[in-house]
Engineer: 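Here it is, the structure, as structure tokens.
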Amino acid sequence: QVQLVESGGGLVQTGDSLRLSCSASGRTFRTYAMAWFRQASGKEREFVAAIRWNGDSTTYSDSAKGRFTISRDNAGNMVSLQMNSLKPEDTAVYYCATDSRKFRSVLVTAGGDYSYWGQGTQVTVSS
């Protein structure tokens, strides 16, 4: 069983930065790609960013590209999302998730491709 715990959310102003962290349990953490998703009130869950199992490649949604950076620390079983130049439309609950397959070579962006999810952390960006 994998447990994921997100932290680092909060209330910030437009243009501010936040760094979200996801602590993961399990000995096989480094064998799975990891991703961040978000869900705003009244909207569907959407993909934000993903990082390959070995950390050598990443992919981002159009809204995140150029502003957000996903990274991982396999020694510490952690995944981070550095969020810069935040906008009100970034307001959402942010979730980290574990890929359903080990050593996947191609990063996936569908929620159904991820098997374990954290409880989420709230990010609110004021105008």
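Every value quoted in this text rests on a predicted model; they were computed, and no experiment measured them. In this chain, numbering begins with 1 at the start of the sequence shown.
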Engineer: Could you give the distance from CD1 (Ile70) to OG (Ser80), rounded to the nearest 0.5 Å?
Structural biologist: 9.0 Å
Engineer: Which atom pair, heavy atoms only, marks the closest approach of Gly111 to Arg45?
Structural biologist: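 Closest approach of Gly111 to Arg45: CA-NH2, 3.9 Å.
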Engineer: Calculate, to the nearest 0.5 Å, the distance between atoms OG and OH belonging to Ser100 and Tyr32 respectively.
Structural biologist: 8.5 Å
Engineer: Decide whether Tyr116 and Val48 are clustered together by the hydrophobic rule: side chain heavy atoms of Ile, Leu, Val, Met, Phe, Trp, Tyr closer than 4.5 Å, transitively.
Structural biologist: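 Per the 4.5 Å side-chain linkage, Tyr116 and Val48 are co-clustered.
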Engineer: For residues 47-60, which residue pairs pass the side-chain hydrogen bond (donor to acceptor under 3.5 Å, both in side chains) check, not counting sequence neighbours?
Structural biologist: Arg52-Asn54, Arg52-Asp56, Asn54-Asp56
Engineer: In chain order, what residues pass the side-chain hydrogen bond (donor to acceptor under 3.5 Å, both in side chains) check against Ser23, with sequence neighbours excluded?
Structural biologist: none
Engineer: Checking Glu6 side chain against Cys96 main chain: does a donor-acceptor pair fall under 3.5 Å?
Structural biologist: yes
Engineer: If you round to the nearest 0.5 Å, how far is NZ of Lys87 from OG1 of Thr14?
Structural biologist: 10.0 Å
Engineer: Consider only side-chain heavy atoms of I, L, V, M, F, W and Y, link residues closer than 4.5 Å, and tell whether Val12 and Tyr94 are in one cluster.
Structural biologist: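 Yes, because Val12 and Tyr94 connect within a single hydrophobic cluster, where side-chain heavy atoms sit under 4.5 Å apart.
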Engineer: Thr31 and Thr28: which non-hydrogen atoms are nearest, and at how many Å?
Structural biologist: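 In this case the closest contact between Thr31 and Thr28 is OG1-O, 2.7 Å.
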Engineer: Whether the side chain of Ser25 engages the backbone of Gln3 through a donor-acceptor N/O pair (distance < 3.5 Å, no angle test) should be reported.
Structural biologist: yes
Engineer: Hey, does Met34 have a side-chain heavy atom less than 4.5 Å from the side chain of Phe29?
Structural biologist: yes
Engineer: Output the distance between atom CD (Gln122) and atom CG (Leu11), rounded to the nearest 0.5 Å.
Structural biologist: 9.5 Å
Engineer: Taking side-chain hydrogen bond (donor to acceptor under 3.5 Å, both in side chains) as the definition, give me every residue that meets it alongside Asn84, ordered by chain and number, with sequence neighbours left out.
Structural biologist: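 Residues passing side-chain hydrogen bond (donor to acceptor under 3.5 Å, both in side chains) with Asn84: Ser17, Gln82.
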Engineer: I'd like to check the salt bridge (charged side-chain N to carboxylate O under 4.0 Å, His left out) partners of Arg104; sequence neighbours left out, ordered by chain and number.
Structural biologist: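 Listed in chain order: Asp99.
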Engineer: Assert yes or no for the condition that the ring centre distance of Tyr114 to Phe37 is strictly below 6.0 Å.
Structural biologist: yes
Engineer: Distance from Leu4 atom CG to Tyr95 atom OH, nearest 0.5 Å?
Structural biologist: 13.0 Å
Engineer: Is the closest side-chain heavy-atom distance between Arg19 and Ser71 below 4.5 Å?
Structural biologist: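 Sidechains of Ser71 and Arg19: in contact.
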Engineer: For Trp36 and Leu20, which heavy atoms make the closest approach, and how far apart are they?
Structural biologist: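 Closest pair (atom of Trp36, atom of Leu20, distance): CH2-CB, 3.8 Å.
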Engineer: Quick one: do Phe68 and Leu107 end up in the same hydrophobic cluster if we chain Ile, Leu, Val, Met, Phe, Trp and Tyr together by side-chain heavy atoms under 4.5 Å apart?
Structural biologist: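 Cluster IDs for Phe68 and Leu107 differ.
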Engineer: Please report the interatomic distance CZ(Arg72) to CG(Leu81), rounded to the nearest 0.5 Å.
Structural biologist: 13.5 Å
Engineer: Any side-chain to backbone donor/acceptor pair from Thr121 onto Gly9? Under 3.5 Å, distance only.
Structural biologist: yes
Engineer: Do you know which two heavy atoms are closest between Val108 and Phe47, and how far apart they sit?
Structural biologist: O-CE1, 4.0 Å
Engineer: May I ask you to check whether over 12 heavy atoms, not counting those of Glu89, lie within 6.0 Å of atom CD?
Structural biologist: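 Correct, the count exceeds 12.
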Engineer: Is there any salt bridge (Lys or Arg N to Asp or Glu O under 4.0 Å) pair reaching into residues 27-40, and which pairs are they, with sequence neighbours excluded?
Structural biologist: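 Found Arg38-Glu46, Arg38-Asp90.
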Engineer: If the condition is side-chain hydrogen bond (donor to acceptor under 3.5 Å, both in side chains), which residues does Ser61 pass it with, not counting sequence neighbours?
Structural biologist: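 Testing Ser61 for side-chain hydrogen bond (donor to acceptor under 3.5 Å, both in side chains), a comparison that skips the adjacent residues, returns Ser63.
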Engineer: Please give me the minimum heavy-atom distance between Gln119 and Val5, naming the atom from each residue.
Structural biologist: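 Shortest heavy-atom separation between Gln119 and Val5 comes out as OE1-CA, 3.5 Å.
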Engineer: Same hydrophobic cluster for Val93 and Leu18, using side-chain heavy-atom links shorter than 4.5 Å among ILVMFWY?
Structural biologist: no
Engineer: Look at the side chain of Asn77 and the backbone N and O of Ala24, then say whether any donor-acceptor pair between them is shorter than 3.5 Å.
Structural biologist: yes
